[in-house]
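Mind having a look at this structure? Questions to follow.
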Amino acid sequence: MKIVKEYLLSVCVVYTLLSLSKVLMEGISSYQDPYYVMNFGMIFVITCFATFVLFMHRIFDKVPLFFVMIGQYIVVIGGVMLVLFLMSKLVDVSPNVYREMFIQITVPYIVLAGIYYVSYFNEVRRANQNLNELKKMGNRNEN
């Protein structure tokens, strides 16, 4: 249950940051997005998908983290491009949608995945420190 709460909290925070960034950048540049509603829906779907993929690293604890991170990025960008391809068959999309989405996915993904992994490693480090302290206390009690 804890992981579900973490996942939902992460989705909410990331979606809020991305949405506010989009609105702020459009406000600064005075850009009128003709695909406004569809883009906010896509931001939500991509956020849910990318966050899910990030949370899956716990399954691959035997694989070197670098390969897991590269694999996660490939899954996310591949999934997004596949969805865009399928959407392009059903609705009109921007002519530059693949290039735009590649950039709009890559930059936030690298930043947010970096933040996620740094916080994850800090949590693991703290848990290891607590475990070492417990071991030391156990060794003192035995003496």
Side-chain angles (χ1 to χ4, degrees), residues 1-29 31 33-142:
M1 191 63 176
K2 180 184 175 191
I3 194 152
V4 173
K5 288 180 184 178
E6 287 178 22
Y7 171 77
L8 293 175
L9 179 63
S10 296
V11 167
C12 291
V13 169
V14 170
Y15 179 72
T16 301
L17 290 173
L18 292 175
S19 298
L20 290 174
S21 299
K22 175 180 175 36
V23 169
L24 184 65
M25 288 179 1
E26 288 175 359
I28 290 171
S29 67
Y31 173 72
D33 185 2
Y35 306 99
Y36 199 74
V37 173
M38 186 171 68
N39 284 344
F40 272 103
M42 283 296 293
I43 289 171
F44 181 72
V45 170
I46 291 168
T47 299
C48 290
F49 177 62
T51 303
F52 178 77
V53 170
L54 267 179
F55 271 66
M56 296 301 293
H57 77 87
R58 298 164 194 217
I59 293 173
F60 302 106
D61 59 346
K62 302 286 186 220
V63 179
L65 185 61
F66 177 76
F67 294 122
V68 172
M69 291 168 48
I70 297 297
Q72 286 174 324
Y73 174 74
I74 290 169
V75 167
V76 168
I77 203 73
V80 169
M81 294 302 167
L82 177 64
V83 168
L84 287 174
F85 175 75
L86 296 174
M87 280 181 58
S88 71
K89 301 299 180 194
L90 302 173
V91 296
D92 289 335
V93 294
S94 169
N96 299 323
V97 71
Y98 295 106
R99 182 180 57 82
E100 291 170 3
M101 285 306 284
F102 178 78
I103 293 167
Q104 292 176 5
I105 295 293
T106 300
V107 173
Y109 189 83
I110 290 171
V111 170
L112 294 171
I115 292 169
Y116 174 78
Y117 278 114
V118 165
S119 66
Y120 179 75
F121 284 127
N122 284 336
E123 185 178 320
V124 169
R125 189 184 63 208
R126 273 185 260 125
N128 285 337
Q129 287 173 347
N130 291 340
L131 186 61
N132 287 337
E133 288 176 16
L134 288 173
K135 285 181 182 178
K136 287 178 186 176
M137 289 174 49
N139 289 338
R140 282 187 225 149
N141 291 338
E142 289 176 4

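Fair warning: this is a prediction, and the values are worked out from it, not measured in the lab.
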Pair up each side-chain donor or acceptor in residues 16-26 with any protein partner under 3.5 Å, not counting sequence neighbours, and list the distances.
unit_1, atom_1, unit_2, atom_2, d
Thr16, OG1, Cys12, O, 2.7
Ser19, OG, Tyr15, O, 2.9
Ser21, OG, Leu17, O, 2.7
Lys22, NZ, Glu26, OE2, 2.4
Lys22, NZ, Asp33, OD2, 2.8

Show me the donor-acceptor pairs, under 3.5 Å and distance only, between side chains in residues 104-121 and residues at least two apart or in other chains.
unit_1, atom_1, unit_2, atom_2, d
Thr106, OG1, Tyr73, OH, 2.6
Thr106, OG1, Phe102, O, 2.6
Tyr116, OH, His57, NE2, 3.0
Tyr116, OH, Arg58, NH2, 3.3
Tyr117, OH, Gln72, OE1, 2.6
Tyr117, OH, Gln72, NE2, 3.3
Ser119, OG, Ile115, O, 3.3
Ser119, OG, Tyr116, O, 2.8

With Lys62, which residues qualify under side chain to side chain contact (heavy atoms under 4.5 Å, CB included), at least two apart?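 With neighbours one apart ignored, the set is empty.
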CD1 of Ile70 to CZ of Phe67: how many Å apart, nearest 0.5 Å?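 Reported to 0.5 Å precision, the distance equals 9.0 Å.
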Looking at CE of Met42 and CE of Met101, how far apart are the two atoms once the value is rounded to the nearest 0.5 Å?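 The CE atom of Met101 is 4.5 Å from CE of Met42, to the nearest 0.5 Å.
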Measure the shortest side-chain to side-chain distance between Val11 and Phe52 over non-hydrogen atoms and say whether it is less than 4.5 angstrom.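 They are not in side-chain contact.
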Rounded to the nearest 0.5 Å, what separates atom NZ in Lys136 from atom CG in Leu131?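 CG of Leu131 is found 11.5 Å from NZ of Lys136.
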How long is the straight-line distance from OH of Tyr98 back to CD1 of Ile103, given to the nearest 0.5 Å?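 Between atom CD1 of Ile103 and atom OH of Tyr98 there are 15.5 Å.
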Write out all pairs satisfying side-chain hydrogen bond (donor to acceptor under 3.5 Å, both in side chains) with one or both partners inside residues 74-91, taking only residues at least two apart or from two chains.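 Qualifying pairs, neighbours excluded: none.
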Contacts of type side-chain hydrogen bond (donor to acceptor under 3.5 Å, both in side chains), residue Asn128, not counting sequence neighbours: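 Not a single residue meets the side-chain hydrogen bond (donor to acceptor under 3.5 Å, both in side chains) criterion with Asn128.
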Restricting to side-chain hydrogen bond (donor to acceptor under 3.5 Å, both in side chains), what partner residues turn up for Arg125, sequence neighbours left out?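 Arg125: side-chain hydrogen bond (donor to acceptor under 3.5 Å, both in side chains) contacts with Asn122.
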So for atom CZ, which belongs to Phe44, do other residues, nucleotides or ligands contribute more than 12 heavy atoms lying within a distance under 6.0 Å?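 Check fails, neighbour count at 12 or below.
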